[in-house]
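This report concerns only the one structure given below.
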Protein chains: 2
Amino acid sequence: MQFSPLISALIDAFKVLPGVGNKTAQRMAFHLLERNREGALNLSKVLHDAMEHVRHCQRCRTFTEDAVCDICASAKRADSGLLCIVESPQDVLAIEQTAEYHGRYFVLMGHLSPIDGIGPAEIGLDTLAEQLAEGGINEVILATNPTVEGEATAHYIAQLCREHGMTASRIAHGVPVGGELEYIDGNTLTHAFQGRRQL
Amino acid sequence: MQFSPLISALIDAFKVLPGVGNKTAQRMAFHLLERNREGALNLSKVLHDAMEHVRHCQRCRTFTEDAVCDICASAKRADSGLLCIVESPQDVLAIEQTAEYHGRYFVLMGHLSPIDGIGPAEIGLDTLAEQLAEGGINEVILATNPTVEGEATAHYIAQLCREHGMTASRIAHGVPVGGELEYIDGNTLTHAFQGRRQL
Ligand SMILES: [Zn+2]
Ligand SMILES: [Zn+2]
């Protein structure tokens with residue numbers, strides 16, 4: 001015995017969500033059927049619209065339903081001459097929330113990973129090269145993740161910048177503010193010492 | 001700065017799912033946008049269809065898109081004269097998977113909870129009373145959860161059965177098979193002693 005065909009299909013359909021197995025999918029299906037059909041119908045509609053209409057910003061590659069995202073459309077951002085390179089749209093949000101940076105972004109939507117067939121073209125570096133050649137950018141800030149792949153990607157892009165006679169900087173790695181030294185891993189501590197500055 | 005309106009709407013829409021907060025909703029939205037638009041469109045469609053077409057079985061109250069569920073439609077099940085009372089459709093699945101029980105079910109879709117305004121009518125006991133009066137049922141098996149509410153609900157229904165001159169039994173509570181005695185809570189152990197049988 002199984003649940004009815006439509007309920008079984010719903011449980012299966014939920015398994016496309018990251019980290020959702022059979023038990024969680026069941027819980028989601030019954031929760032919505034029992035308690036929130038209106039919310040579920042809204043999710044169905046928005047999910048459809050988003051999958052049909054969200055694409056990549058023509059300039060920075062982040063996700064947006066417009067041809068060009070709000071940040072890329074801002075003349076003030078363009079005038080800054082700054083371009084910050086990140087791996088994901090979520091990274092853009094994190095940086096924007098600091099309210100410290102007012103330049104443009106370029107979103108790689110990943111990082112170099114030759115083993116997985118992800119080379120420079122897959123992370124949009126041809127588009128980036130065109131933008132570097134166009135002019136109007138004074139400094140490129142490399143804010144890829146402090147992982148092996150993120151570092152390799154940053155170094156690759158720094159080389160690309162040099163080829164275009166452009167300065168590239170890397171965001172500082174070190175002890176997180178409020179972090180306790182004894183709990184910081186050795187690699188981070190090494191970066192913190194190497195990046196020390198005179199007071 | 002926020003994500004684009006459509007992406008923000010998608011993230012919000014995911015929060016109708018149980019246990020899904022802002023971070024998880026973001027992860028779901030970007031995972032589907034990046035990696036599985038087809039799966040997301042399928043989820044959208046099935047979600048819509050299920051919310052529109054799934055209703056309660058006219059006989060046992062479980063969820064189904066048909067007027068009467070497969071189990072209630074089976075003459076063999078009706079002939080058994082057994083009616084097992086459970087709290088949820090998932091409980092039906094769990095019992096069916098043991099392949100030990102071949103009677104009908106009645107699904108309360110909850111339990112008595114006067115504080116939350118859930119009385120006998122809300123868990124379908126008027127419908128149950130009609131079925132008891134109809135005849136054809138020889139034994140009612142109470143398989144509500146071994147919680148305070150589940151026990152109270154079982155006792156209420158046992159009384160209803162007595163009023164219809166019907167035998168009601170309660171499934172046994174005790175030490176789970178394969179469980180280690182030292183890790184079993186005292187309440188369960190008490191039940192296990194009270195329910196002891198001669199070998
Ligand atoms: Zn953009
Ligand atoms: Zn039924």
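These values consider heavy atoms only, across backbone and side chains, with no hydrogens, waters or symmetry-generated copies. Letters A, B, ... are given to chains in the order of the sequence lines, protein chains preceding strands, and every chain is numbered from 1.
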Taking every non-hydrogen pair under 4.5 Å, which of [options] racks up the most with chain A?
options: B:Arg37, B:Arg27, B:Glu34; answer: B:Arg37
options: B:Ala99, B:Ser88, B:Pro18; answer: B:Pro18
options: B:Val20, B:Thr24, B:Ile7, B:Leu33; answer: B:Leu33

Kindly check if the number of other-residue, nucleotide or ligand heavy atoms within 6.0 Å of OH (A:Tyr156) is above 12? no

Min side-chain heavy-atom separation B:Leu32-A:Leu17 under 4.5 Å: yes

Among residues 41-50 of chain A, which residues come closer than 4.5 Å to chain B, judged by heavy atom distances? A:Leu41, A:Asn42, A:Leu43, A:Ser44, A:Val46, A:Leu47, A:His48, A:Asp49, A:Ala50

May I ask you to list the residues in residues 56-70 of chain B that approach chain A closer than 4.5 angstrom, counting heavy atoms only, ordered by number? B:Phe63, B:Thr64, B:Glu65

Between B:Pro89 and A:Phe3, the two heavy atoms sitting closest are O-CE2, 3.6 Å

Verify same cluster id: [X], [Y] (apolar side-chain graph, 4.5 Å):
X: A:Met166; Y: A:Ile157; answer: yes
X: B:Val92; Y: A:Leu10; answer: yes
X: A:Val16; Y: B:Val16; answer: yes
X: A:Leu132; Y: A:Val86; answer: no
X: A:Ile71; Y: A:Leu108; answer: no

Given the options A:Gly110, A:Ala13, A:Ala9, A:Gly19, which has more heavy-atom pairs under 4.5 Å with chain B than any of the others? A:Ala13

Looking at A:Gln90, A:Gln26, A:Met28, A:His31, which makes the most heavy-atom pairs under 4.5 Å with chain B? A:Gln90

If I measure from the heavy atoms of chain A, does B:Glu38 come under 4.5 Å with its side chain, its backbone, both, or neither? neither

Distance col, row B:His53:NE2 vs A:Ser4:OG, nearest 0.5 angstrom, shows 12.0 Å

